[in-house]
There are 2 protein chains.
Amino acid sequence: MVTIHQNIFRDIETRIVGGDWQPGHRIPTEQELAAAYRCSRMTVSKALSALVERGMIVRRRKTGSFVASPQIDRTVMDIQDISTEAELAGHKHDYKILSRRIERLELAEAKQLAEPAGAEILRLQCLHVVDGTPNAIERRIIMLDIVPLARDEHFSLTPPGKWLLAQVPWSKARHVIRAVSADATTARLLQTARGEACLNLIRQTWQNGRTVTYVEITHPGDRFQFAGDFQPVAR
Amino acid sequence: MVTIHQNIFRDIETRIVGGDWQPGHRIPTEQELAAAYRCSRMTVSKALSALVERGMIVRRRKTGSFVASPQIDRTVMDIQDISTEAELAGHKHDYKILSRRIERLELAEAKQLAEPAGAEILRLQCLHVVDGTPNAIERRIIMLDIVPLARDEHFSLTPPGKWLLAQVPWSKARHVIRAVSADATTARLLQTARGEACLNLIRQTWQNGRTVTYVEITHPGDRFQFAGDFQPVAR
DNA sequence: TAGTGGTCTAGACCACGGG
DNA sequence: CCGTGGTCTAGACCACTAT
């Protein structure tokens, strides 16, 4: 059984994910959608509420509903970039691939990742920019034997994290969050001061016990925070 | 503005969290609830849907809605209180209450917490030591109208976080994680350098929409990290 | 078959916020 | 002001399932 509000949800989701409606794009009003789907406003509202919950749109009285800005890896733990949550609409996210090399895994890193040394990897470095300000440095390793398609992917249209999510189902992820001081390179890239407190997120993702990707994302501490709502584990 | 469905949600949540309604308990039918709250069935349905999403109840046609069993796998980010965390890893944990005052909530803070100004609070400052090295500064506010027992508690045996966990069932927590540079006071207490990158964890905990406690925990970045394992959330 | 949740309607009024 | 979302109603029909 496919309900009307599920249809509306899916249709809008498709346009957003497909890039048809860019961040900041104003989506039709509830009334227009109700007319288009020949249903009541409340049914539309249900679909839009679900989209809000997924962080895909924001709704504002009087002005309408807008496609939200891409979120910096909301992907896994419901931990998202909340610093901008209140003003999701209209933020411009961009990224730039700084480097992209195919290598073999060195011993030290292999140990850290608990993967065999010598395995072929794709090593990426990427800068994320939000509203013209550097927001994160992404340093990533993709295991090419698990994700062979990455060998020919240059991530010119889709950032690596998003691309991977679409390509590879993952079954487990591990996160580590630390605070570090910016070294010279990091400070330069993030346009911040050397020694500035930065938030360091490391994520390793597995599929059936094999590492899919390992990524280290460095945010300037003053421009970023993680936030998340949680419920008790047990009652 | 408190809506009807929020009221229904909170009332049912209260009984479940408080243990009044045990897992398996059948909650009133939508019709009964609609009558009790003098609202339409759809409004009740909205509240129940939210409870389902939170995993607190299950709904079955013909038979009704039931309190769900405690969930094991709902783990999002298992950030526990400091002493438990430290002891799990086999370290020796100690703490010292630096200050303890009963105050009234000032306007700025009240706004931040979304609680009424002037409310009575217990303000605590606490230093955590792991294996002889300062590991965290804890700055905490406890709402005394929600946790009246805290008024006479001096936390000489049990640290505030652990004590609160045992005293007050909570239904929602919000975490914010940031990186900050140590100011002079923080650096002195943590025996680290001024300007050192520190990991800042803010947690606000609610019971039925009322704040139980608000705590800010500052860790030296080089001596601490958060970690968590996650699995995809299927919907 | 009967009781329950699942979905939907065609209105209504209110709250908010830009002009 | 007026357009938009936010909430709500008092019904309705359907789907599921225990009995």
Side-chain angles (χ1 to χ4, degrees), chain A residues 1-13 15-16 21 23-69 84-91, chain B residues 1-13 15-16 21 23-69 111 114 208-209 234-235:
Chain A
M1 176 62 184
V2 179
T3 63
I4 301 176
H5 70 261
Q6 284 170 348
N7 269 328
I8 301 175
F9 179 98
R10 181 160 29 80
D11 290 352
I12 296 178
E13 183 190 36
R15 306 212 187 199
I16 295 176
W21 288 349
H25 176 92
R26 180 179 165 168
I27 73 175
T29 65
E30 294 188 353
Q31 301 218 17
E32 289 164 347
L33 287 168
Y37 286 89
R38 302 176 181 284
C39 68
S40 74
R41 237 191 81 210
M42 206 176 197
T43 305
V44 172
S45 181
K46 193 164 185 178
L48 296 190
S49 297
L51 285 162
V52 167
E53 216 165 288
R54 291 276 188 114
M56 305 192 70
I57 68 169
V58 288
R59 302 165 86 181
R60 276 204 292 263
R61 281 166 162 141
K62 166 67 185 170
T63 47
S65 301
F66 299 83
V67 176
S69 295
T84 50
E85 191 188 52
E87 39 195 11
L88 272 173
H91 278 253
Chain B
M1 175 63 184
V2 179
T3 63
I4 302 176
H5 71 261
Q6 284 170 349
N7 270 327
I8 303 175
F9 180 98
R10 180 155 25 80
D11 290 351
I12 296 178
E13 182 190 37
R15 308 217 183 191
I16 296 177
W21 287 349
H25 177 91
R26 179 178 168 168
I27 73 175
T29 66
E30 294 188 352
Q31 301 220 17
E32 288 164 350
L33 287 167
Y37 286 89
R38 300 174 183 284
C39 69
S40 73
R41 237 190 83 210
M42 204 174 200
T43 304
V44 172
S45 180
K46 192 165 186 177
L48 297 191
S49 297
L51 286 162
V52 167
E53 217 165 289
R54 288 278 192 116
M56 304 191 73
I57 66 169
V58 289
R59 302 166 84 181
R60 276 200 290 267
R61 282 167 161 139
K62 164 70 183 173
T63 47
S65 301
F66 301 83
V67 176
S69 297
K111 212 167 178 180
N208 305 330
R235 295 204 199 217

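Naming: A, B, ... by sequence-line order, numbering from 1 per chain. Any value given below was found using the heavy atoms of this structure, including those in side chains, with hydrogens, waters and symmetry copies removed.
Using a 4.0 Å cutoff to heavy atoms of chain A, the contacted part of DNA chain D runs 5' to 3' from D:dG3 to D:dT9.
With sequence neighbours left out, B:R10 forms a side chain to side chain donor-acceptor pair (under 3.5 Å) with B:N7. For B:I4, the side chain to side chain contact (heavy atoms under 4.5 Å, CB included) partners are B:I8, B:C39, B:T43, not counting sequence neighbours. Judged as a side chain to side chain contact (heavy atoms under 4.5 Å, CB included), and not counting sequence neighbours, the contacts of B:R15 are B:D20, B:W21. With sequence neighbours left out, the side chain to side chain donor-acceptor pair (under 3.5 Å) criterion links A:Q6 to A:T3.
Sorted by first then second residue, the ring-ring contact (aromatic ring centres under 6.0 Å, His included) pairs that include residues 35-62 of chain A, not counting sequence neighbours, number zero. Identified under the salt bridge (Lys or Arg N to Asp or Glu O under 4.0 Å) test for residues 32-46 of chain A, with sequence neighbours left out: A:E30-A:R41.
Heavy atoms of A:I4 sit under 4.0 angstrom from primed sugar atoms or phosphate atoms, though from no base atom. The residue B:R60 sits close only to the backbone: its heavy atoms come under 4.0 Å of sugar-phosphate atoms, none of a base.
What you find for A:I57 and A:S65 is that their closest heavy atoms are CD1-CB, 4.4 Å.
One distance of note links CZ of B:R60 with CZ of B:R26; it measures 10.0 Å at 0.5 Å rounding.
Comparing the end axes of the helix from C:dT1-D:dA18 to C:dG18-D:dC1, each fitted to five base pairs by superposing C1' atoms of four pairs onto the next four, gives an inter-axis angle of 10° (nearest 10 degrees).
Contact check for A:I27 versus A:L51: no side-chain heavy atoms found under the 4.5 Å cut-off.
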Every protein N/O within reach of nucleotides 1-3 of chain C N/O, cut-off under 3.5 Å:
unit_1: C:dG3; atom_1: O4'; unit_2: B:K62; atom_2: NZ; d: 3.2

